[in-house]
Amino acid sequence: LEICGDFIIVVFEQETILEKPIEEWPIVELLIAFFSTGFPLDKCKQYCKLRNPVCINNVDFQDIFRSRVAVYKKLQEWYIPCPDHVIVDHLAIPEGSGDLVENENFIIYKGKKISKPFV
């Protein structure tokens with residue numbers, strides 16, 4: 001991208017991201033940021049609100065991408081087809097309730113049958 005002369009790529013140093021206030025971060029027109037362990041996502045969100053760069057990947061959705069449950073809910077909200085699935089919170093199922101039946105080839109959760117293998 002830099003070779004064509006239309007772009008200047010600015011890499012935010014780790015020290016800048018972790019230690020400096022967002023007001024001291026470089027000002028950019030476009031931002032590409034991905035969550036990783038130790039990355040201050042909330043700080044990045046604040047930077048985006050302050051500077052309003054175009055974001056290639058929506059930093060507000062990074063929290064959603066970290067949770068399969070949240071991703072499925074968002075897909076359903078947007079009417080995007082997704083694989084047949086069930087979401088089971090094993091801690092919330094009362095023991096002996098019969099809500100979850102596990103078999104060698106399938107599970108049934110609240111009456112919905114899903115065949116193995118699971119992905």
Side-chain angles (χ1 to χ4, degrees):
L1 288 174
E2 283 185 310
I3 292 173
C4 71
D6 292 332
F7 299 94
I8 298 170
I9 297 175
V10 177
V11 177
F12 291 31
E13 298 296 327
Q14 184 173 353
E15 178 185 348
T16 298
I17 295 170
L18 297 177
E19 298 176 18
K20 292 186 178 181
I22 57 169
E23 293 80 11
E24 294 181 24
W25 288 14
I27 297 173
V28 296
E29 294 178 34
L30 184 134
L31 182 70
I32 302 173
F34 298 96
F35 174 82
S36 63
T37 302
F39 181 75
L41 185 58
D42 289 334
K43 197 173 180 181
C44 182
K45 290 177 185 181
Q46 292 170 2
Y47 173 84
C48 291
K49 285 179 184 166
L50 176 68
R51 303 294 184 205
N52 200 29
V54 172
C55 291
I56 294 296
N57 55 330
N58 187 323
V59 294
D60 289 324
F61 280 12
Q62 294 297 311
D63 290 321
I64 293 171
F65 296 145
R66 296 177 56 214
S67 165
R68 182 174 295 159
V69 174
V71 168
Y72 275 118
K73 285 182 181 178
K74 190 55 71 179
L75 290 171
Q76 289 170 341
E77 283 176 25
W78 291 343
Y79 301 100
I80 297 173
C82 55
D84 198 20
H85 66 282
V86 294
I87 297 171
V88 180
D89 180 354
H90 291 272
L91 300 176
I93 301 173
E95 193 171 324
S97 70
D99 283 344
L100 177 64
V101 176
E102 297 186 63
N103 181 289
E104 184 178 315
N105 298 316
F106 60 85
I107 66 165
I108 301 174
Y109 180 63
K110 293 186 176 180
K112 185 171 184 178
K113 182 178 178 180
I114 303 287
S115 298
K116 294 181 180 180
F118 305 134
V119 178

Would you name the heavy atoms of [X] and [Y] that are closest together and state the gap between them?
X      : Y      : answer
Asn57  : Ile32  : OD1-CA, 3.8 Å
Cys4   : Phe7   : SG-CD1, 3.9 Å
Ile93  : Val88  : CD1-CG1, 3.5 Å
Val28  : Pro53  : O-CB, 3.6 Å
Phe35  : Phe39  : CE1-O, 3.8 Å
Lys116 : Asn103 : NZ-O, 3.0 Å

> With the threshold set at 4.0 Å, does a side-chain nitrogen-carboxylate oxygen contact exist between Lys45 and Asp63?
Replying inline: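 A salt bridge links Lys45 with Asp63.
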Find the distance between [atom1] ([X]) and [atom2] ([Y]) and round it off to the nearest 0.5 Å.
X      : Y      : atom1 : atom2 : result
Gln62  : Ser36  : CD    : OG    : 10.0 Å
Phe65  : Lys74  : CZ    : NZ    : 10.0 Å
Lys113 : Asp84  : NZ    : CG    : 12.0 Å
His85  : Ile87  : NE2   : CD1   : 4.5 Å
Lys49  : Cys44  : NZ    : SG    : 11.0 Å
Leu100 : Glu102 : CG    : CD    : 4.5 Å

> Would Leu31 and Val54 count as a side chain to side chain contact (heavy atoms under 4.5 Å, CB included) if you check the C-alpha gap in whole Å, the side-chain angles of each, and the deciding distance to 0.1 Å?
Replying inline: CA-CA 6 Å; Leu31 182 70; Val54 172; over 6 Å; no
Minimum side-chain heavy-atom gap [X]-[Y] below 4.5 Å:
X      : Y      : value
Cys82  : Leu75  : yes
Lys43  : Ile17  : no
Ile114 : Tyr109 : no
Asn105 : Ser115 : no
Cys48  : Asp60  : no

> Please walk me through it: do Val101 and Ile107 pass side chain to side chain contact (heavy atoms under 4.5 Å, CB included)?
Replying inline: CA-CA 6 Å; Val101 176; Ile107 66 165; over 6 Å; no
> Backbone N or O of Ile9 within a donor-acceptor pair of the Glu2 side chain at under 3.5 Å?
Replying inline: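 Yes: the side chain of Glu2 pairs with the backbone of Ile9.
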>> Given 3.5 Å as the limit, does a donor-acceptor pair link the side chain of Arg51 with the main chain of Pro26, or not?
In response: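 No, Arg51 side chain to Pro26 backbone: no donor-acceptor pair under 3.5 Å.
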>> Would you say that more than 12 heavy atoms from the other residues, nucleotides or ligands in this model lie under 6.0 Å from the CD1 of Ile8, or not?
In response: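 At most 12 heavy atoms, drawn from other residues, nucleotides or ligands, come within 6.0 Å of this atom.
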> How about Gln76: does its CD atom have over 12 heavy atoms from other parts shown lying under 6.0 Å from it?
Replying inline: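 Atom CD in Gln76 is crowded, with more than 12 foreign heavy atoms closer than 6.0 Å.
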>> Hydrophobic clusters here meaning ILVMFWY residues chained together by side-chain heavy-atom distances under 4.5 Å, can you tell me if Tyr47 and Val10 are in one?
In response: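 Both belong to a single hydrophobic cluster.
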>> Phe12 vs Trp25, test: side chain to side chain contact (heavy atoms under 4.5 Å, CB included). Steps then yes/no.
In response: CA-CA 7 Å; Phe12 291 31; Trp25 288 14; 3.6 Å; yes
>> Pair Trp78, Tyr72 - check ring-ring contact (aromatic ring centres under 6.0 Å, His included), show working.
In response: CA-CA 10 Å; Trp78 291 343; Tyr72 275 118; over 10 Å; no
